Amino acid sequence: MIIHDAHSWELDVAGAQEVQRQLAQKLRLQVPGDFRLTSLCGCDVSGAKNDDRVYAVAVVLSYPELTVKEVATAVCPATFPYVPGLLSFREGPPLLKALRRLRAVPDVFLFDGQGLAHPRGLGIASHLGLLLERPAIGVAKKPLVGVYTSPGPEPGDTVPLVYREHQVGTVLRTKRGVKPVFVSPGHLMDFDTATRITLACCRSYRLPEPIRQAHHLSNRLRRGEKISNIY
DNA sequence: GCGACAG
DNA sequence: ATCTTGTCGC
C-alpha cells in the first residue's frame, strides 16, 4: 500500500515529543461512515539483545474467518532506543517499510501498544494510523498511563481507562481467568468499536488473532525461519 | 527528589 | 522486549 512520508524520524527525544504533540492535534476519534470490516492487519516488531536490527511484520487476516491472507516483512537497523512514550520512533520505520510492501489495503490496523492512552495522546497506533490515514487500534498488554479498576471475569467485561480525568482507553477481559488487555483507539476509531473489534478477534487466547500472528511471525523472521506468503 | 514507565 | 527453567492446568 502507498504511504506518504510525513516527517523525519531522525530526531532526538525533545524533537520526537514535539512531533507527537503536533500530530495528536490531527487525530480523528470517529469511525468513517463507510467503514466495513472485511480484513484486518496485525503489526508487530521483535528484536534481540545482541542484534541491533529490528524485525517487522504486517499480517493481513480476513474477517470474520480470521485466516491469514498476506504477510509482509522488513528488517532494519534500530535507529532509536526504546523510550517509554516514544515506541513509535523505534518501531514505526520498520513497520512502515513492511506495510509499503503490502498489496492489500486492510480495513483496520491493530498495533501491539497504545493508541490514545499515551502521555501526549499519540501512541504507536495513533501515530501510524495517522500516517496510513486508515482506522487503527492499539492493543497493549500493560498500561502506559491511566488508572482503572478490575473488569469483571467474563470475556467482554470492560472498565474505562482514565487519564487526567478523561477516558483514554478500555481495559478489556478477553478470556476468563486471564489478565485483561488495554485497548485504545488509534485513529479514525472510537472506544466502543475498538473494543468490539478486539474482542471479535479473540479466539482461544488472550490477544486478538492479528496481533498474535504478527508476534509469532516477527519472532520467526528474527530467527531466520521460513515464512510462507502464499495462503 | 522519588517512583512509574507500551515494546 | 529479551533471557530463561520449571511448574501448573486443560
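Just so it is clear: chains get the letters A, B, ... in the order the sequence lines come, proteins before strands, and each one is counted from 1. None of these values were measured; they are calculated from a predicted model.
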Please check if the number of heavy atoms outside A/Glu18 that lie under 6.0 Å from its CD is greater than 12.
yes
Cation-pi check, A/Arg90 onto A/Phe80 ring (under 6.0 Å, within 45° of axis):
no
Out of curiosity, A/Tyr63 OH to A/Asp107 CG, how far, rounded to the nearest 0.5 Å?
11.5 Å
Interatomic distance, [X] [atom1] vs [N] [atom2] [rounded to whole Å]:
X        : N     : atom1 : atom2 : value
A/Arg223 : C/dT2 : CZ    : C1'   : 11 Å
A/Asp44  : C/dT2 : CG    : C1'   : 13 Å
A/Asp52  : C/dA1 : CG    : C1'   : 15 Å
A/Tyr82  : C/dA1 : OH    : P     : 10 Å
A/Lys175 : C/dG9 : NZ    : P     : 15 Å
A/Asp112 : C/dA1 : CG    : P     : 7 Å

Looking across every strand, which nucleic acid part, if any, lies under 4.0 Å from [X] by heavy atom: base, sugar-phosphate, or nothing?
X        : answer
A/His127 : nothing
A/Gly138 : nothing
A/Gly123 : base
A/Leu86  : base
A/Pro143 : sugar-phosphate

A/His4 side chain to A/Ala6 main-chain N or O, any donor-acceptor pair under 3.5 Å?
no
Regarding A/Thr158 and A/Thr170, is there a side-chain donor-to-acceptor distance under 3.5 Å anywhere?
no
Do A/Asp190 and A/Thr193 meet the criterion of a side-chain donor-acceptor pair at a distance under 3.5 Å?
yes
Are any of A/Asn219's side-chain N or O atoms less than 4.0 Å away from OP1 or OP2 of C/dT2?
yes
Are any of A/Arg222's side-chain N or O atoms less than 4.0 Å away from OP1 or OP2 of C/dT2?
yes
Below 4.0 Å from chain A heavy atoms, what is the first contacting nucleotide of DNA chain B and what is the last?
B/dC5 to B/dG7
Does the ring centre of A/Phe89 sit less than 6.0 Å away from the ring centre of A/His127?
yes
